[in-house]
Amino acid sequence: IKKFDGKASGVLSLPHMPKITLNYTKASTDYNTLSRTDGKDTYDADIALTFQRTWHILPKTITGKYTLVKSLTDYRPDNLMSLSNIYDTEETSEYYSAKLSFIPWKGSSFVPSYSRKTVKEEKTPLLSSETAMKYPKSLEQKAGFTSTFKFTKWFAPTVSYNVSTEESHNISTNSITAGTITRSYALGDIKTITRSAKGGASLTINMNDLFPKKKLLKTMMLTASYSL
């Protein structure tokens, strides 16, 4: 077995410009007995931008991320001529996200975010003339926000809401029969979709802010929350 691991990174940071961080990672394992090589390349980029002065309707900070991962399984046909159903595979995973931070007024914030991840795969027969098969494996999306609105010193409710969608594809061939009709589905044609959402609101009141002269209430706090 021969292994290789390497990494490179760089940062670009200039005044009044977005800060950009780049990373590259490579991992490879060569199995001589199995006549197989496994490889993984990861490309990662982050960007962050902060505005010193801005209107309240514009974001104070913007952050983004992109990640590309390529995973390979490569066979050498020299010692595998007597075997069947062997495939070279390439899995591609893409992820990107973005987050904005708003400050409508002092003591308040509104932070929306979004992310998406897709995974696809390609299989190429090693010892046959069949064409390569490309199909999706999964998809995940998330979107939401968190916020705090400070209306007075003692009244600053927090509100959040997030929604998530997940898709999982069946990567085996399937045939479904309904009555006298039979239909075949290729790799990735059938998928399971799961959707979920979660929201909530909370409020903490420090009684000392309401009655600063009442010593008995100095350490008293009231908390209320609601979730769905």
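- In this structure, the side chains of Tyr95 and Ser115 come closer than 4.5 Å at one or more pairs of heavy atoms.
- Minimum interatomic distance between Tyr161 and Gly199 (heavy atoms only, all atoms of both residues): CD1-CA, 3.8 Å.
- A donor atom on one side chain and an acceptor atom on the other are not found under 3.5 Å apart for Ser97 and Arg116.
- The two residues Thr131 and Pro125 come nearest to each other via the heavy atoms O-CD, 3.9 Å.
- Side chain of Lys60 to backbone of Phe51: a donor-acceptor contact under 3.5 angstrom is found.
- Crowding of Leu14 atom CG: a count of heavy atoms from other residues, nucleotides or ligands under 6.0 Å exceeding 12.
- Within a 6.0 Å radius of NZ in Lys99, no more than 12 heavy atoms belonging to other residues, nucleotides or ligands are found.
- A salt bridge does not link Lys40 with Asp38: every distance from a Lys NZ or Arg NE/NH1/NH2 to an Asp or Glu carboxylate oxygen is 4.0 Å or more.
- Linking ILVMFWY residues whenever their side-chain heavy atoms come closer than 4.5 Å, directly or via other members, leaves Val119 and Leu68 in distinct clusters.
- Contact check for Ile205 versus Met220: no side-chain heavy atoms found under the 4.5 Å cut-off.
- Under the 4.5 Å side-chain heavy-atom criterion for Ile, Leu, Val, Met, Phe, Trp and Tyr, Tyr96 and Val111 are members of distinct hydrophobic clusters.
- In this structure, the separation between OG on Ser71 and CD on Glu121 is 9.5 Å, given to the nearest 0.5 Å.
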Inset, instruction - Kindly determine whether Ile193 and Thr165 satisfy side-chain contact (heavy atoms from CB on, under 4.5 Å), including the steps that lead there. - result: CA-CA 7 Å; Ile193 301 176; Thr165 301; 4.2 Å; yes
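- A donor-acceptor distance shorter than 3.5 angstrom exists from the side chain of Ser147 to the backbone of Val159, with no hydrogens or angles considered.
- At least one donor-acceptor pair closer than 3.5 Å links the side chain of His169 to the backbone N or O of Gly188.
- The only member of Leu12, Thr63, Val11, Asp46 that meets side-chain contact (heavy atoms from CB on, under 4.5 Å) when paired with Lys19 is Val11.
- The distance from atom OG1 of Thr42 to atom NZ of Lys7, rounded to the nearest 0.5 Å, is 10.0 Å.
- For Asn162 against Gly144, the heavy-atom pair with the smallest separation is OD1-CA, 3.6 Å.
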Inset, instruction - Could you walk me through whether Phe149 and Trp105 pass side-chain contact (heavy atoms from CB on, under 4.5 Å), step by step? - result: CA-CA 8 Å; Phe149 297 104; Trp105 57 86; 3.9 Å; yes
Inset, instruction - Kindly determine whether Tyr135 and Glu122 satisfy side-chain hydrogen bond (donor to acceptor under 3.5 Å, both in side chains), including the steps that lead there. - result: CA-CA 7 Å; Tyr135 48 88; Glu122 180 179 354; over 6 Å; no
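- Residues Ser108 and Thr148 are not in side-chain contact: their nearest non-hydrogen atoms beyond the backbone lie 4.5 Å or more apart.
- Ion pairing between a basic and an acidic side chain is recognised when a charged N comes within 4.0 Å of a carboxylate O; Glu167 and Lys191 show such pairing.
- Exactly one residue among Lys70, Lys120, Lys137 makes a side chain to side chain donor-acceptor pair (under 3.5 Å) with Glu91. That residue is Lys137.
- Closest heavy-atom contact between Ser28 and Thr37: OG-CG2, 3.9 Å.
- With contacts defined as side-chain heavy-atom distances shorter than 4.5 Å, the pair Arg76/Asp30 qualifies.
- Across every non-hydrogen atom of Tyr114 and Ala143, the tightest pair is CD1-CB, 3.9 Å.
- A tilted orientation is assigned to the rings of Tyr24 and Tyr43, their planes being inclined by 30° to 60°.
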Legend entry - Audit row: Asp41, Thr25, side-chain contact (heavy atoms from CB on, under 4.5 Å) steps and yes/no: CA-CA 6 Å; Asp41 296 275; Thr25 303; over 6 Å; no
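- To the nearest 0.5 Å, the span separating OG1 on Thr204 from CG on Leu222 amounts to 9.0 Å.
- Side-chain contact annotation: Asp44 with Thr67, donor-acceptor N/O pair under 3.5 Å present.
- Between the CD atom in Glu140 and the OG1 atom in Thr194 there is a gap of 10.5 Å [rounded to 0.5 Å].
- Listed for the Asp88 side chain is a donor-acceptor partner under 3.5 Å among the backbone atoms of Tyr75.
- Smallest separation of non-hydrogen atoms from Lys150 and Thr152: CG-O, 3.3 Å.
- Ile1 has its side chain within reach of Thr29: a pair of non-hydrogen atoms, C-beta onward, lies under 4.5 Å apart.
- A cation-pi arrangement is found for Lys123 relative to Tyr87, the charged atom lying closer than 6.0 Å to the ring centre and inside a 45° cone about the ring normal.
- Of the N and O atoms on the side chains of Tyr66 and Glu94, at least one donor lies less than 3.5 Å from an acceptor on the other residue.
- Around NZ of Lys26, the count of heavy atoms belonging to other residues, nucleotides or ligands within 6.0 Å exceeds 12.
- Atoms CG and CD1, from Leu100 and Ile62 in turn, are 5.0 Å apart once rounded to the nearest 0.5 Å.
- Linking Ile, Leu, Val, Met, Phe, Trp and Tyr residues whenever their side-chain heavy atoms come within less than 4.5 Å places Trp154 and Met207 in a single cluster.
- One finds the OG atom of Ser164 at 9.0 Å from the CD atom of Gln141 (value rounded to the nearest 0.5 Å).
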Legend entry - Residues Lys2, Asn32; criterion side-chain contact (heavy atoms from CB on, under 4.5 Å); working and verdict: CA-CA 8 Å; Lys2 297 180 180 179; Asn32 185 55; over 6 Å; no
